[in-house]
Q: 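I am attaching a structure below and will ask some questions about it afterwards.
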Amino acid sequence: MKLLINGEWLQTEASTLEHLLDELDYNAAQVATAVDGVFVSRDRRALTGLSDGMALDIVAPMQGG
Amino acid sequence: MKLLINGEWLQTEASTLEHLLDELDYNAAQVATAVDGVFVSRDRRALTGLSDGMALDIVAPMQGG
Amino acid sequence: MKLLINGEWLQTEASTLEHLLDELDYNAAQVATAVDGVFVSRDRRALTGLSDGMALDIVAPMQGG
Amino acid sequence: MKLLINGEWLQTEASTLEHLLDELDYNAAQVATAVDGVFVSRDRRALTGLSDGMALDIVAPMQGG
Amino acid sequence: MMRDTWNAYGIEMRSRLLLGTALYPSPEVMAEAVAASDAEVVTVSLRRQSPAAGGGNTIWDFIREMDKRLLPNTAGCHSAAEALNLARMSREIFQTDWIKLEVIGDDYNLQPDPFELLKAARSLVDEGFAVFPYCTDDLVLCQRLLDVGCEVLMPWGAPIGTGQGLINPYALETLRARLPEVPIIVDAGIGVPSHAAAAMEMGCAAVLLNTAVARASDPVGMARAFRAGVEAGRGAWLAGAMPKRQTAQPSTPVLGTPFWQQ
Amino acid sequence: MMRDTWNAYGIEMRSRLLLGTALYPSPEVMAEAVAASDAEVVTVSLRRQSPAAGGGNTIWDFIREMDKRLLPNTAGCHSAAEALNLARMSREIFQTDWIKLEVIGDDYNLQPDPFELLKAARSLVDEGFAVFPYCTDDLVLCQRLLDVGCEVLMPWGAPIGTGQGLINPYALETLRARLPEVPIIVDAGIGVPSHAAAAMEMGCAAVLLNTAVARASDPVGMARAFRAGVEAGRGAWLAGAMPKRQTAQPSTPVLGTPFWQQ
Amino acid sequence: MMRDTWNAYGIEMRSRLLLGTALYPSPEVMAEAVAASDAEVVTVSLRRQSPAAGGGNTIWDFIREMDKRLLPNTAGCHSAAEALNLARMSREIFQTDWIKLEVIGDDYNLQPDPFELLKAARSLVDEGFAVFPYCTDDLVLCQRLLDVGCEVLMPWGAPIGTGQGLINPYALETLRARLPEVPIIVDAGIGVPSHAAAAMEMGCAAVLLNTAVARASDPVGMARAFRAGVEAGRGAWLAGAMPKRQTAQPSTPVLGTPFWQQ
Amino acid sequence: MMRDTWNAYGIEMRSRLLLGTALYPSPEVMAEAVAASDAEVVTVSLRRQSPAAGGGNTIWDFIREMDKRLLPNTAGCHSAAEALNLARMSREIFQTDWIKLEVIGDDYNLQPDPFELLKAARSLVDEGFAVFPYCTDDLVLCQRLLDVGCEVLMPWGAPIGTGQGLINPYALETLRARLPEVPIIVDAGIGVPSHAAAAMEMGCAAVLLNTAVARASDPVGMARAFRAGVEAGRGAWLAGAMPKRQTAQPSTPVLGTPFWQQ
């Protein structure tokens with residue numbers, strides 16, 4: 001299955017968003033997530049199944065103006 | 001039947017917009033009309049029945065900026 | 001003898017600028033003086049004779065912008 | 001004798017300003033002249049003797065703003 | 001001089017001054033001012049007609065006789081619905097698809113309401129109107145108006161009737177730079193011919209005004225002055241102005257300056 | 001239109017645009033631009049002539065042929081003495097008492113030197129010259145120039161050749177208000193016709209420029225544009241502009257606005 | 001001095017300078033500049049995190065340690081949908097309802113898109129966010145933002161990062177006059193402390209900036225300067241400025257001037 | 001922060017705000033405002049003293065007690081001769097060589113008379129005075145004042161008492177650029193702290209004002225605000241402002257913006 005993660009294609013077999021974050025070694029408590037442009041809250045990551053071609057955003061705090 | 005014509009209440013028995021314009025001596029070719037804020041074209045005036053409380057606008061060309 | 005003191009005519013018999021200041025009860029240490037538009041320093045007041053029609057300015061410190 | 005003519009040194013034996021203009025082939029009617037920064041009118045050119053080191057300006061009409 | 005024209009909704013025009021017909025001391029002065037302005041287009045409105053008025057309507061008779069192209073407005077409308085219906089009434093009476101679309105959003109500065117304006121513009125374009133939207137100088141609003149089918153933009157220079165000129169030249173220049181193909185008509189706020197000239201020097205297509213002419217001491221003289229001002233600005237745009245410089249530069253040649261020695 | 005003229009040193013003039021003759025791409029373009037500008041007065045200078053030049057002096061031939069009134073300048077002079085002598089040379093050659101008196105006080109902004117300017121003006125007036133002083137917008141300097149006999153003032157709009165327009169309108173308006181009888185010619189710094197129009201709208205008598213026309217992409221077109229700009233501003237001054245207002249005021253009548261109910 | 005505070009969404013604040021955290025030469029300088037500015041609120045953002053980054057995120061560590069109130073932004077969003085989702089992500093991470101709502105409508109001037117902005121504001125208010133809308137100075141847009149529940153307005157002074165200051169003071173003054181009860185924070189375009197002071201002198205509640213501090217030669221010194229500028233402007237607003245006059249008036253008493261005789 | 005001082009006639013000063021002592025509602029308010037302003041220098045004058053006044057002179061008692069450095073002025077003088085004699089009287093009374101040299105050239109705009117000013121400055125320098133000339137922003141006049149021995153310049157921002165701010169920033173920037181070594185004190189015309197900050201941001205050494213503080217609703221609060229404004233502007237000058245840009249530039253990083261796909 002191929003996913004578009006933060007703008008880059010990645011091959012993965014993770015079945016849920018939660019698994020994917022684990023697999024990629026993200027610190028789950030320090031990022032926020034969206035699937036296909038829609039916010040997925042922390043407590044819904046385990047319930048959010050992934051399928052081929054989905055676009056994910058995984059973001060973290062940064063400087064801003 | 002009372003109608004609100006150009007902002008003033010008027011008593012009339014005219015059954016259609018066309019009759020009303022006649023009754024009030026308007027030159028029908030030189031005014032445009034609206035009933036309850038909705039434009040009524042010239043060819044629909046005869047078909048437009050009037051009923052108590054309707055608000056009519058009868059307008060004519062004027063200077064403008 | 002008439003002198004123009006600070007814009008007003010005054011009758012006096014004072015022979016010098018020093019005497020005039022005394023006569024008018026000015027505190028000589030707290031004013032500066034000019035005769036006919038020309039500065040007269042403190043140490044020259046006793047030497048400065050007065051004659052009819054002279055214009056004197058006697059000024060003191062004041063607020064300013 | 002050396003003269004500074006319009007900012008450049010020139011060797012000449014002309015005794016008057018009039019002669020100089022002739023010698024240099026100026027159209028005398030179309031220029032104005034100054035010697036050492038002072039205007040010399042047309043009718044005084046013949047009377048204006050030249051001596052070594054003088055600075056001459058010979059000017060003509062030009063565009064201007 | 002080469003023929004220099006502009007185009008709005010397929011109509012080619014020569015004059016770049018559009019003039020309002022209101023606020024003049026008399027219909028006669030109005031007619032004379034319009035003539036002096038050389039305007040090809042004048043704005044008009046619809047107002048409630050009292051039955052008592054009968055056929056009499058002097059000012060309209062004067063306007064009709066001038067035989068200018070009419071640009072009816074929707075002045076006084078505060079919502080898209082009002083503007084839509086007034087536009088339809090205008091089309092019936094004035095027999096033209098042209099409409100100067102005004103939807104006022106605030107009674108203090110008489111500025112356009114971007115939201116209602118866009119909504120009304122979309123509907124009117126759909127109904128076949130040639131919409132001249134009186135808009136702010138907001139680039140995004142202007143882009144949206146083009147997106148819904150407007151072919152002309154009429155940003156304000158300043159609030160209507162203030163005569164303050166171009167209060168935000170930066171915004172107008174941005175419009176001009178970003179939307180180079182669209183005719184921009186500066187509408188409202190112009191007070192003197194130098195304001196009109198400045199708008200034209202930016203590359204605007206035309207200028208629409210009313211109060212500045214009508215409320216001058218001599219409206220006819222002022223109409224003539226604005227005509228010249230618009231021509232001046234347009235001419236300058238075509239002729240390509242010199243660039244501004246920070247430091248002075250002599251015009252008279254420096255070379256050959258007398259009295260100067262090395 | 002009524003005949004509208006102005007007067008300097010007893011000469012009545014119609015055109016309110018005085019034009020410089022320098023910096024044009026060619027003498028032909030210069031001549032054509034002057035014609036297009038409708039100027040009655042052009043500025044000229046004297047420059048050192050090389051003997052080699054012989055009779056040839058193309059640009060001057062062109063200027064002479066235009067048959068305009070000449071206003072010779074003292075451009076490049078840095079002291080009263082230099083300006084005096086150059087003025088005398090000018091009078092001999094150009095056969096006119098008119099002199100545009102320039103005494104430069106700084107090579108960076110090319111501004112007039114108030115002190116040397118006043119000294120030179122006093123002497124030249126004494127010698128019978130009709131002095132057109134290129135001055136700053138300083139009211140006291142201007143008053144002094146009048147006191148020594150100048151009958152015209154030529155304050156700068158901005159430094160020469162910058163095209164920045166009127167950088168201190170407050171000062172120019174003060175001049176106009178305090179010296180209402182004196183012809184004021186804004187000289188230097190004007191970049192586009194709207195600048196010229198603005199000067200005229202203040203009540204200035206005329207405008208003198210050079211670079212803005214000569215260095216336009218199309219000098220002839222720009223000359224025509226400036227002519228229109230000056231007419232526009234003058235016309236507006238005569239016609240009496242509306243007062244500026246802080247708040248908006250509708251032009252189209254509010255009375256009888258449709259759809260409005262109490 | 002009396003305690004002078006302002007309030008946004010129920011939070012009382014003392015400092016009227018909100019500062020961005022981007023573009024500084026180093027995190028250390030950022031932290032020091034924020035301290036020097038005396039800001040109580042700093043803006044932050046969310047950006048894509050590469051997995052490789054692991055736990056490392058220096059700048060965020062610095063920001064967290066400052067223990068300031070956070071105002072996360074939605075910078076870079078071009079639609080209401082994007083802004084909505086980014087706002088939700090922000091709330092989860094930053095644990096605050098506060099959101100600086102940016103919906104960009106044009107990539108050239110980075111101006112807000114009035115239409116998408118209003119749509120996003122409405123939804124976010126419904127979802128319980130405390131919306132700080134980065135908006136234009138358009139009065140109607142601002143009124144609409146209030147209508148949908150915004151309690152603060154953040155109009156631009158000039159396009160982001162330009163440092164041009166307040167390009168349309170007329171519009172800002174109109175906002176202030178028409179919406180006197182609403183805290184107005186001028187956001188974007190401020191370049192120097194005098195710009196910030198001018199905004200505060202108009203009666204704005206606060207100023208938000210970033211580039212002007214971060215890109216100064218000495219960001220810490222500039223932060224301190226802006227702090228003073230904001231205090232200066234606020235102090236002037238409270239102290240009630242003298243009215244502007246057209247004509248001069250002496251400060252030193254005229255009565256008793258020496259040397260003067262009737 | 002590094003110690004930042006400036007110097008006039010050998011005296012090192014910390015505060016860059018010089019304050020006038022006239023026009024306050026009461027001597028008490030004056031004293032409190034001076035204290036709040038942190039000024040080290042205050043301006044004073046000499047006025048005719050009536051004999052009846054005896055020793056009483058409340059305002060002067062208050063000023064003396066503040067123990068500030070005095071800068072006596074020659075306000076009201078219209079000629080070099082008057083100013084010279086008043087300066088001499090000042091020196092005797094105030095026991096200081098410092099003199100704020102005012103020679104008024106026009107009673108409407110209260111501007112300096114460049115000619116009489118220069119003459120008086122020359123004489124006073126010869127007599128050992130430390131001359132602070134209240135001058136226009138004319139570069140040539142300023143250069144001449146330096147030539148005769150002035151070591152400080154005090155150009156006006158706008159006419160005295162108008163509160164219009166810096167009406168000709170171009171001229172002030174020219175002064176600053178051309179005379180980089182000379183302390184420039186903007187004197188007169190400043191109305192609000194942002195004006196003072198703007199003058200300091202240009203690199204001026206200090207600001208002198210009176211009416212803007214004295215005639216504020218709350219003079220003490222305004223004095224404090226101006227103190228902050230001057231510090232803000234000075235701080236910005238030292239910190240090096242970002243350059244202005246024509247086009248927008250995001251502050252928040254663009255890299256890593258969510259939702260964006262190639």
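The model shown is predicted, which means the values in this text are computed figures rather than measured ones. Chain letters run A, B, ... following the sequence lines, proteins first and then strands; every chain starts at 1.
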Q: May I ask you to name which of G:Ala212, G:Gly229, G:Ser194, G:Ala196 has the most heavy-atom pairs under 4.5 Å with chain H?
A: G:Ser194

Q: Under a 3.5 Å distance rule, please check whether G:Arg224 uses its side chain to pair with a backbone N or O of H:Gly235 as donor and acceptor.
A: no

Q: Based on non-hydrogen pairs under 4.5 Å, which of H:Ala81, H:Ser217, H:Gly20, H:Ala214 is most in contact with chain G?
A: H:Ser217

Q: Distance check, rounded to the nearest 0.5 Å: G:Met222 atom CE versus H:Leu238 atom CG?
A: 9.5 Å

Q: For H:Glu32, is the CD atom crowded, meaning more than 12 foreign heavy atoms sit under 6.0 Å from it?
A: no

Q: Looking at every non-hydrogen atom in both residues, tell me the closest pair between H:Arg48 and G:Pro258 and how far apart they are.
A: NE-CA, 3.7 Å

Q: Going by the side-chain contact (heavy atoms from CB on, under 4.5 Å) test, name the single residue among G:Val254, G:Leu255, G:Thr257 that passes it with H:Arg47.
A: G:Thr257

Q: Under 4.5 Å from any heavy atom of chain H, what part of G:Pro219 do you find: side chain, backbone, both or neither?
A: neither

Q: Identify which part of H:Met200 has an atom lying under 4.5 Å from any heavy atom of chain G, answering side chain, backbone, both or neither.
A: neither

Q: How far apart are the closest heavy atoms of G:Ala236 and H:Ala225, and which atoms are they?
A: N-CB, 3.6 Å

Q: Shorter than 4.5 Å, heavy atoms on both sides: which option in H:Arg227, H:Lys244, H:His195, H:Arg234 has the most such pairs with chain G?
A: H:Lys244

Q: Dump the intermediate steps for side-chain contact (heavy atoms from CB on, under 4.5 Å) on H:Thr211 and G:Gln249, then the final yes or no.
A: CA-CA 9 Å; H:Thr211 311; G:Gln249 204 137 328; over 6 Å; no

Q: Can you measure from NZ (H:Lys100) to OG1 (G:Thr252) and round to the nearest 0.5 angstrom?
A: 6.5 Å

Q: Determine the option with the most heavy-atom pairs under 4.5 angstrom with chain H, choosing from G:Gly221, G:Ala197, G:Ala216.
A: G:Ala216

Q: With a strict 4.5 Å heavy-atom criterion, list every residue of residues 157-167 of chain G that contacts chain H, or say none.
A: G:Pro159, G:Ile160, G:Gly161, G:Thr162, G:Gly163, G:Gln164

Q: What part of H:Asp107 gets within 4.5 angstrom of chain G, counting heavy atoms only: side chain, backbone, both, or neither?
A: neither

Q: Given a strict heavy-atom distance threshold of 4.5 Å, which part of H:Gln246 is in contact with chain G: side chain, backbone, both, or neither?
A: both

Q: Just give me the residue among H:Leu46, H:Leu86, H:Thr43, H:Asp106 that pairs up with chain G most often, heavy atom to heavy atom, under 4.5 Å.
A: H:Leu86

Q: Check each atom of H:Glu82 against the heavy atoms of chain G and say whether the ones under 4.5 Å are side chain, backbone, both or neither.
A: both

Q: Of the listed residues (G:Met89, G:His78, G:Met242), which shares the most heavy-atom pairs with chain H below a 4.5 Å separation?
A: G:Met242

Q: Considering non-hydrogen atoms only, spot the tightest contact between H:Pro253 and G:Ala22 and give its length.
A: CD-CB, 4.3 Å

Q: Do you know which of H:Ala75, H:Ser251, H:Gly76 has the most heavy-atom pairs with chain G at a distance under 4.5 angstrom?
A: H:Ser251

Q: Pick from G:Val192, G:Val44, G:Asn109, G:Asn210: which one has the most heavy-atom pairs with chain H under 4.5 Å?
A: G:Val192

Q: If I measure from the heavy atoms of chain G, does H:Ile104 come under 4.5 Å with its side chain, its backbone, both, or neither?
A: neither

Q: Please state whether the side chain, the backbone, both or neither of H:Thr247 comes within less than 4.5 Å of a heavy atom of chain G.
A: both

